[in-house]
Amino acid sequence: MITLIENAEVFSPKPQGQQQVLVAGQRISAVDAAINIQGNAVQRINAAGCYLVPGLVDSLAHIIGGGGEGGFRTRTPELDADDAFASGVTTLVGVLGTDSITRTLTNLLAKAHALTEEGLNCYCHTGSYQIPVRTLFPSISEDLLLIDKFIGVGEVAIADHRSSQPTPDELKKLAAEARVGGMLSGKAGIVSVHVGPSAAGISLLLDVANSSDIPLTQFYPTHMNRNQQLVEQGFAFLQAGGWIDFTTSTTPQELASGEVQCAKALHQAWQLGLDCSRITFSSDANASLPLFDDQQQFIGLGIGRIASLLEEVVAAVRLGVPLPQALSVATANPARVLKLTQKGEIASGKDADLVLLDQATLAVRAVMSRGIWRYSDGSLPVTVQRDSLFI
Ligand code: ZN
């Protein structure tokens with residue numbers, strides 16, 4: 001199957017101007033101002049009025065659901081592949097959440113395979129919120145080396161009343177094993193760290209890096225926009241060479257209680273002139289967003305939404321962050337931290353994961369994943385293929 005996308009303005013996510021993009025099979029085979037190709041087998045898409053951008057890479061999603069903090073009825077549902085496509089997401093990383101007893105790694109792995117069969121590019125992390133972490137084989141290294149879909153560990157919780165209150169030594173050992181497993185398997189081996197609301201913030205990560213040979217880049221702290229103090233700790237972490245991740249899903253209650261809207265956190269970094277190439281956004285899709293009172297008693301919950309990823313990219317643009325930088329936090333940057341070298345960029349030889357956005361509204365008009373159209377809003381002559389068997 002050969003597709004030629006014409007007349008779109010391409011952001012790779014770097015601005016490339018108007019380019020033609022040729023897709024052959026699952027890959028991008030050429031990006032050029034003029035591509036001469038003829039024949040009935042070529043599907044031509046006139047994408048005038050669109051931006052062509054990489055498919056979004058969501059580095060943290062609870063693909064089998066999460067939650068349970070308010071009892072069994074507060075367990076959240078699984079992710080639907082069609083929701084991801086409609087939101088411009090083509091690659092994602094699934095993780096367990098607070099509950100790693102009724103939510104299992106075998107189930108996580110099966111769901112990652114299911115989403116891949118449905119056309120997404122789905123990976124997952126071994127491990128769990130609590131330490132000692134769950135693994136399928138006896139160790140993290142074995143999971144990373146022997147199971148293709150496992151690319152890192154996490155999310156491991158710190159600074160949270162729901163965490164296992166890990167010590168620096170426990171985290172050190174975990175990070176060391178992830179590091180070696182990642183090196184031997186040629187994967188990221190990154191430790192995704194859930195940072196909770198406690199005042200300690202990411203001080204544990206700094207302790208580990210300062211008292212061992214583990215570099216800061218081994219850790220990938222998420223929810224760093226939980227409050228302004230954590231945003232500022234994150235900026236210091238960034239300046240010291242680390243990666244930070246802001247969470248796009250939120251609730252009005254969380255924003256009212258001090259959470260910094262994801263787009264605003266990126267805008268702050270941009271205005272301060274910080275290196276935004278080591279900032280990422282992730283959706284925390286299908287997570288429970290539990291609400292606790294002053295006594296840490298559960299009082300209700302919201303559910304993370306995968307659509308929030310693109311919504312916050314668009315919100316950052318509206319605040320004044322240039323489109324290439326706003327796109328990068330959900331495309332090229334997470335692909336780099338996760339070592340997904342085929343993902344997050346539009347270039348010859350990369351996987352054909354592409355999103356057409358309306359230039360005026362930045363709404364999704366069509367989404368292609370591994371060379372196959374998976375979503376259309378109906379405004380372009382693309383034929384969408386659905387591989388989900390659910391009606
Ligand atoms: Zn989390």
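What you see below is based on every heavy atom in this structure, not just the backbone, and it leaves out hydrogens, waters and symmetry mates. This one's a predicted model, so the numbers in the text were calculated from it and none came from an experiment. Both ligands and their constituent atoms are indexed starting at 1 by order of listing. In what follows, residues are counted from 1 in the order of the sequence shown.
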Which is the closest N/O/S atom of [X] when seen from the Zn ion (ligand 1)?
X    : value
H194 : ND1
E155 : OE1
H223 : NE2

In terms of the angle between their ring planes, are W243 and Y220 parallel, tilted or perpendicular, with boundaries placed at 30° and 60°? perpendicular
Salt bridge check: are R386 and D82 linked by an N-O gap of less than 4.0 Å? yes
For R75, which residues count as a salt bridge (charged side-chain N to carboxylate O under 4.0 Å, His left out) partner, sequence neighbours excluded? D99
Return yes when atom NZ of K187 has more than 12 non-hydrogen atoms of other residues, nucleotides or ligands closer than 6.0 Å, and no otherwise. yes
